[in-house]
Q: 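Dumping the structure here so I can ask a few things about it.
Keep in mind it's a predicted model, so treat the numbers as computed, not measured.
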Amino acid sequence: QVHLVESGGGSVQPGGSLRISCVVSGSTSESLAIGWFFQAPKKERVGICAISTSDDRTYCRDSVKGRFTIFRDSAKNTVYLQMNTLKPEDTGIYYCGAVVSKSIAAMGNPLNLYEYDYWGQGTQVTVSS
């Protein structure tokens, strides 16, 4: 069993930055894939970035490359999403998901939400002037 708690969301102006966190607890001794997902109002949840706890391999969707970075602090069992140059269209709820996996390289699509078994409650990010 894996428990996820997101935090760090808030309001920021366009062009600003925000770092959101996902604390992972439970079966942390197992190799996990942790993904960050985004859900805009009235839209489907989509994958943004993912990371493997076994090898720190990362993968992000093309639309956020250069703006968003996923990384983790193994000592704190925390996965972060650093978001820079935020845009109003980045407004929504950000969720982290987890699945037991050797590596994101072994997954069919590490940004496919249906490949994830565990979810946090989400954290709201609002980008507005």
Q: Return each pair, listed once, that meets ring-ring contact (aromatic ring centres under 6.0 Å, His included) where at least one residue sits in residues 1-24; pairs must be two or more places apart or across chains.
A: none
Q: Would you say Ile48 and Phe68 make side-chain contact, with heavy atoms under 4.5 Å?
A: yes
Q: Can you confirm whether Thr78 sits close enough to Val24 that some side-chain heavy atom of one is under 4.5 Å from a side-chain heavy atom of the other?
A: no
Q: Starting from Ile34, can I reach Val64 by hopping between I/L/V/M/F/W/Y residues whose side chains sit under 4.5 Å apart?
A: yes
Q: Could you work out, with side chain to side chain donor-acceptor pair (under 3.5 Å) as the rule, every residue matching Thr126, not counting sequence neighbours?
A: Gln124
Q: Just so I know, are the side chains of Ser128 and Thr91 near enough to count as touching, which here means a heavy-atom distance under 4.5 Å?
A: no
Q: Just list the side-chain donor-acceptor pairs under 3.5 Å for residues 14-21, sequence neighbours left out, or say none.
A:
from	atom 1	to	atom 2	distance (Å)
Ser17	OG	Asn84	OD1	2.9
Arg19	NE	Gln82	OE1	2.7
Arg19	NH2	Gln82	OE1	3.2

Q: Same cluster or not: are Val125 and Val79 linked, directly or through other Ile, Leu, Val, Met, Phe, Trp or Tyr residues, by side-chain heavy atoms under 4.5 angstrom apart?
A: yes
Q: Hydrophobic clustering (ILVMFWY, side-chain heavy atoms < 4.5 Å, transitive) - are Leu32 and Val99 grouped together?
A: no
Q: Indicate yes or no: at least one non-hydrogen side-chain atom of Ile104 is less than 4.5 angstrom from one of Ile51.
A: no
Q: Can you find a pair of side-chain heavy atoms, one from Val46 and one from Arg61, that are under 4.5 Å apart?
A: yes
Q: Is it the case that over 12 heavy atoms from other parts of the model lie below 6.0 angstrom from the CZ atom of Arg57?
A: no
Q: Would you mind reporting whether Asn77 and Arg72 have side-chain heavy atoms less than 4.5 Å apart?
A: no
Q: Please report, to 0.1 Å, the donor-acceptor pairs under 3.5 Å made by any side chain of residues 114-123, with sequence neighbours excluded.
A:
from	atom 1	to	atom 2	distance (Å)
Glu115	OE2	Asn109	N	2.8
Tyr116	OH	Pro110	O	2.6
Gln121	NE2	Glu6	O	3.1
Thr123	OG1	Gly9	N	3.0

Q: Distance from Glu30 atom CD to Ser54 atom OG, nearest 0.5 Å?
A: 12.0 Å
Q: Enumerate the salt bridge (charged side-chain N to carboxylate O under 4.0 Å, His left out) contacts for residues 73-92, please, sequence neighbours excluded, ordered by first and then second residue.
A: Arg67-Asp90
Q: Please tell me whether Trp36 and Val2 are part of a single hydrophobic cluster in this structure, the criterion being side-chain heavy atoms less than 4.5 Å apart.
A: yes
Q: Could you tell me if the side chain of Val23 sits less than 4.5 Å from the side chain of Leu4, heavy atoms only?
A: no
Q: Return the CE to CG distance between Met107 and Asn112, rounded to the nearest 0.5 Å.
A: 8.0 Å
Q: Are side-chain heavy atoms of Cys49 and Leu81 found at a separation under 4.5 Å?
A: yes
Q: Considering residues at least two apart in sequence or located in another chain, which fulfil the side chain to side chain contact (heavy atoms under 4.5 Å, CB included) criterion with Lys102?
A: none
Q: Is the distance between the ring centroids of Phe38 and Tyr94 under 6.0 Å?
A: yes
